[in-house]
Amino acid sequence: MTASAAVRRLGKYREVARMSARNKLRYRGNFAGSMLTYGLFVYVFSRIWAAAYAGKAGIAGYDYSMSVWYFIIAEVSVFGFGRFFWNLAEDLKSGQVAYLLAKPYGFIGYHFAQAMGQGLLDAGVIFLEGLAAGLILAGLPPNFMLWRLALVMVSLLIAGCLQFFLQMSIAMTAFWVEENAAFFWIFQKLALVVGTLLPLEFLPLWAQTAAVWTPLPSLSYAPGRIAVAASPGESLVLMGLQLAWLAAATLLSRLVFMAGHRKISIQGG
Amino acid sequence: MNVIEAEGLEKTFTTRVKPEGLKASFASLVKPRMREVAAVKGVSFEVESGEVLAFLGPNGAGKSTTIKMLTGILAPSAGKARVLGLDPAKERLELSRYIGAVFGQRSQLWFHLPPADSFRLIGAIYEIDESDRIWRQAELVERFGLAPYMDVPVRKLSLGERIRCEIAASLLPCPQVLFLDEPTIGLDVIAKREIRLLLAEAAEVDDVTVFLTSHDIGDIEKLCKRAIIIHHGEVVVDESMKDLRHRALARKLVGVKYAEPVRFQIDGLSPVKVKAADVAGAAGIAGAAGVAGAGDGAWTAASFEVDTRCHQLPDLIRALAEKGEILDLTVEDEPLENIIAGIYGAQSGAEAAAAARPRTASAPAAPQTTAPAGEKAFS
Ligand SMILES: Nc1ncnc2c1ncn2[C@@H]1O[C@H](COP(=O)(O)OP(=O)(O)OP(=O)(O)O)[C@@H](O)[C@H]1O
Ligand SMILES: [Mg+2]
């Protein structure tokens, strides 16, 4: 493949992402709902933490400001990248896959570009809102450094990709079972408990040990931890783990597609 | 050269039977009951390059399923398909570069964005050079008259405008074969006519093979050179439009109305519908037995279905004129729709194939229950 052919091949996915972003941007109200909910969550949680930290300097190694900032960053992954499933499931269940399969692009790649086009916008907006809310509610994070901010953004980006490939894999179980929303629901709740609402260190030891064997800590815990506590070395380990899980999830989605797409039955038309 | 070949193509769907009631629902979680639906049962045909082909059949006949197999979207349960020499199931990606598909009930355009954006995206997806795309797009916009719509969000377009954009979008990458599944569904008479003209032009100008399903006989009569009719998942008719139309032309509907009640019989030809002179006999509407009974009474009006291969039309009209003073006489071609309705009405593939065979000259013209002519009040 020549260089220009490769550029063109990638260019189509960039164009899909751009369309998806434009689709999201068509009116500003599209962001209002999640911004409002996110703001409310952050505020309520900061109040809960304030009550929990009354008279205490630290819990499990986190002080008040760290806990608030942790929650702010961990939730960016959920609000920015946590709801791909619904669009994917809709595409798979409605006959719209018919069009998606009849075009010369990778099925998963197309969905990835589409999801990221809007996910990056969502996450970006929420991230900025989070920074503002954090400064107001908790001031600068205790050991703030610029490298942290940079690594947090990279870690969130990897988390977003991981979110996509995991949710895509779950969505593609639609090839076998019609009602697969329950799988996503379980995934979502587990992800919420493991590292989103609370840092991993707050969980009982057995749960911490178990969680290490799942991709869940790579979704929210890694960026949250890097934002407030991790040393440069620990940050790199966390991100390395994230990348490893991303590779595994990418492979998983490939396998699910290969195993399932011939089973597809397209409704209607 | 054949661009499409189907050989014993089959598709069987396995669907889960959703039981009623809570208890049964739980039972089905453990041991689901499955039902098999044979949507397409061994369909074979060939389509040559440059053909415009109508792929017909009643609701549920398996048309959309066949198109999905030919485009590689569904994997066939059995049989083989080749499109442009490729196996759609195995070489879907490669094939998708050379074919286009329009599903009338879905949209490939982004609903909230203007068609111009979707066109640009399609250009990128098919890896068309930007300058080529702009040139080709301008040509299509001109031909399809899309200039006023290109910058309007798709959701604000009327159905007819949207379908025009859809078809133009499918033609943008210059496909060699265009599959259209009910492109004119829900369109008004004028919009339908426009779409037909545009498709005919596309077949001519772009040299694209058109494979079209439709329930609109007009689409087919005006546009297609050949028709394949499938029913109950099997091919029952595969012939040129000319032959199909010829069958329709062989049959005439003759209506006659007299000033005075008359009483007569014509050998080998019974009216499909009469208007009896006395009100008591007026129940005589189509239906062989009823009509035969009414033959004893007197009529003021009657209509006949005449197969011109066994009755000479002039003879019949002369015979009718001798019976009394004629007020009105009509001779109509049997609409193609009736022929197709006869095939669609069959209960099985075999029966449909029988209905599709041209009638032999000796067979009497049986009254058609589905014929719209039988519903028209005759006065
Ligand atoms: N995904 C599916 N699962 C189960 N059965 C299906 C599925 N898709 C189609 N069928 C069945 O297969 C048969 C053929 O369907 P198909 O959509 O091909 O018909 P069609 O000829 O396109 O009809 P129409 O003119 O109504 O569009 C129908 O009996 C339908 O119920
Ligand atoms: Mg159909």
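Hydrogens, waters and symmetry mates play no part in the numbers below; they use all other heavy atoms, side chains included. Chain naming here is simple, since letters A, B, ... match the order of the sequence lines and numbering starts at 1 in each. Just so it is clear, the structure is predicted and the values come from calculations on it, not from any experiment.
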**Request:** Using the six-membered ring of A:Y110, assess whether NZ or CZ of A:K12 lies under 6.0 Å from its centre and within 45 degrees of the ring axis.
**Result:** no
**Request:** Locate the shortest heavy-atom distance separating B:L93 from A:Y105; write the atom from each residue and the value.
**Result:** CD2-O, 3.5 Å
**Asked** Looking at B:R164 and B:E161, does any basic side-chain N land under 4.0 Å from a carboxylate oxygen?
**Response** no
**Message:** Quick check for you: among B:L121, B:T65, B:V102, which has the greatest number of heavy-atom pairs under 4.5 Å with chain A?
**Reply:** B:L121
**Prompt:** Out of B:A124, B:A101, B:S107, B:S96, which one racks up the most heavy-atom pairs below 4.5 Å with chain A?
**Reply:** B:S96
**Request:** Measure across A:S253 and A:I108 and return the closest heavy-atom pair with its distance rounded to 0.1 Å.
**Result:** O-CD1, 3.5 Å
**Item:** B:G57 versus B:H215, closest heavy-atom pair with distance
**Value:** O-CE1, 3.2 Å
**Prompt:** What residues of residues 180-194 of chain A sit under 4.5 Å from chain B when you count only heavy atoms?
**Reply:** none
**Complete:** Counting heavy-atom pairs under 4.5 angstrom with chain B, the leader among A:P104, A:A102, A:G11 is A:P104
**Message:** Is A:R22 close to chain B through its backbone or its side chain, or both, or neither, when contacts mean heavy atoms under 4.5 Å?
**Reply:** both
**Asked** So A:F107 and A:H111, would you call those rings parallel, tilted or perpendicular, with 30° and 60° as cut-offs?
**Response** perpendicular
**Prompt:** Between B:W110, B:F111, B:F13, which has the largest tally of heavy atom pairs under 4.5 Å with chain A?
**Reply:** B:W110
**Message:** So which atom in B:S64 and which in B:D181 form the shortest heavy-atom distance, rounded to 0.1 Å?
**Reply:** OG-OD2, 2.6 Å
**Asked** Checking heavy atoms, do the side chain of A:Y13, its backbone, both or neither come under 4.5 Å from chain B?
**Response** neither
**Message:** Using 30° and 60° as the class boundaries, would you call the ring planes of B:F103 and A:Y99 parallel, tilted or perpendicular?
**Reply:** perpendicular
**Asked** Between atom CE of A:M153 and atom CZ of A:F127, what is the distance when rounded to the nearest 0.5 Å?
**Response** 5.5 Å
**Fill in**
Okay, B:T14 and chain A: the region with an atom under 4.5 Å from a heavy atom over there is neither
